[in-house]
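Note sheet for the following structure.
Since the model is a prediction, treat every value here as computed from it, not as a measurement.
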Amino acid sequence: MGREKPYYQQVRDDIREKIKQGHYRQGQYLPCEQKLEKEYGVSRTTVRSAISELVQDGYLYIVRGKGTKVAYSKLMDNNPSLLSFTEILKSHGYESQMIERTIEVIKADDNLSGKLGLQQGEEIIHIYRVRGTDNEPISVNHSYFPKKLFREKEIPLLLEGDSMYENLQKYFHIVITEIREEIWAISAGKKYAEILDVSRQAPLLAFERESFDQEGNLIEYSEVVYRSDRYKHAVAMRKK
């Protein structure tokens, strides 16, 4: 290797160029550190410094206990129309995957009853979903609905297919026309690190959402967490 710049920068630049040229494809694991040491004729510290910068720049990400993968392009949600997670994935050429989901009827505690405008103790439907693509988890979603909106035997229809909003419209004639949300950044911590297969220090995007139907009724309250290395949320603002 030449000496015009530090070795770790040369390794970093070469790997980055190979990613851009498709030598290392999205979702592919890099060779292990030992192989990279031999390939570039540098120390393991140099390799790790190069990889660390590529992770920070969004080209790579660490899979705990497995290795280093080439990052996928981020899913950009900047459409002024209301799009489901399934629709956002499709717009980027990916297939939506339901990695895990459960449904249960619970009694609303003080927090959830306030969010849904219900009495404490009223029955609500809780749907838990882990969603992603190519066997890679991207989001964790907790959705809550007033149970009184649905007949008992119809509740399982909410889990049909991939898109819950499509199910609301198809089976219950409920069209979500407005969403209000708050967004902030959190660290994954132990809980989300295990679910999303990221480090405990990994930054995540957290959302609280309220979804309303065409008549202005609050239909759903949800808490959603996204991997920030795979999802980007853009907001356009215009002065009236």
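- A188 approaches S199 most closely through the heavy-atom pair CB-O, 3.4 Å.
- Between K18 and E39 there is a salt bridge, since at least one side-chain N of the basic residue sits less than 4.0 Å from a carboxylate O of the acidic one.
- Ring orientation note: the planes of Y144 and H126 are close to parallel, at an angle under 30° on the 30°/60° scale.
- At least one test fails for R209 against the ring of Y221: distance under 6.0 Å to the centre or angle within 45° of the axis.
- Remark: D213 CG to L218 CG distance equals 9.0 Å, nearest 0.5 Å.
- Going from atom CD1 of I103 over to atom CE of M164 covers 9.0 Å, rounded to the nearest 0.5 Å.
- Side chains of E122 and K107 form no contact here, defined as non-hydrogen atoms less than 4.5 Å apart.
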Full working for side chain to side chain donor-acceptor pair (under 3.5 Å) between Q201 and S187: CA-CA 5 Å; Q201 293 75 36; S187 296; over 6 Å; no
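- Residues F150 and L158 meet the side-chain proximity criterion, which asks for heavy atoms closer than 4.5 Å.
- Looking at every heavy atom in both residues, S49 comes nearest to Y8 through CB-CB, 3.9 Å.
- A distance of 7.5 Å separates CG of N141 from CZ of R131, quoted to the nearest 0.5 Å.
- Ion pair K115/E208 flagged as a salt bridge, since at least one NZ, NE, NH1 or NH2 atom sits closer than 4.0 Å to an Asp/Glu carboxylate oxygen.
- For the pair K69/L60, no side-chain contact is recorded, criterion being any heavy-atom separation below 4.5 Å from C-beta on.
- Under a 4.0 Å N-O distance rule, the pair E178/R180 qualifies as a salt bridge.
- Taken from CG in L116 to NZ in K147, the straight-line distance is 14.5 Å, to the nearest 0.5 Å.
- Environment of CD in Q119: sparse, with no more than 12 heavy atoms of neighbouring residues, nucleotides or ligands closer than 6.0 Å.
- At a cut-off of 3.5 Å, with distance as the only test, a side-chain donor of D14 or Y40 sits close to an acceptor on the other residue.
- Ionic pairing of D197 and R227 is not present here: no N-O contact between side-chain nitrogen and carboxylate oxygen is shorter than 4.0 angstrom.
- Between F207 and Y226, the ring-plane angle classifies as perpendicular under the 30° and 60° cut-offs.
- Salt-bridge formation is detected for the pair E33/R48: a Lys NZ or Arg NE/NH1/NH2 atom is positioned less than 4.0 Å from an Asp or Glu carboxylate oxygen.
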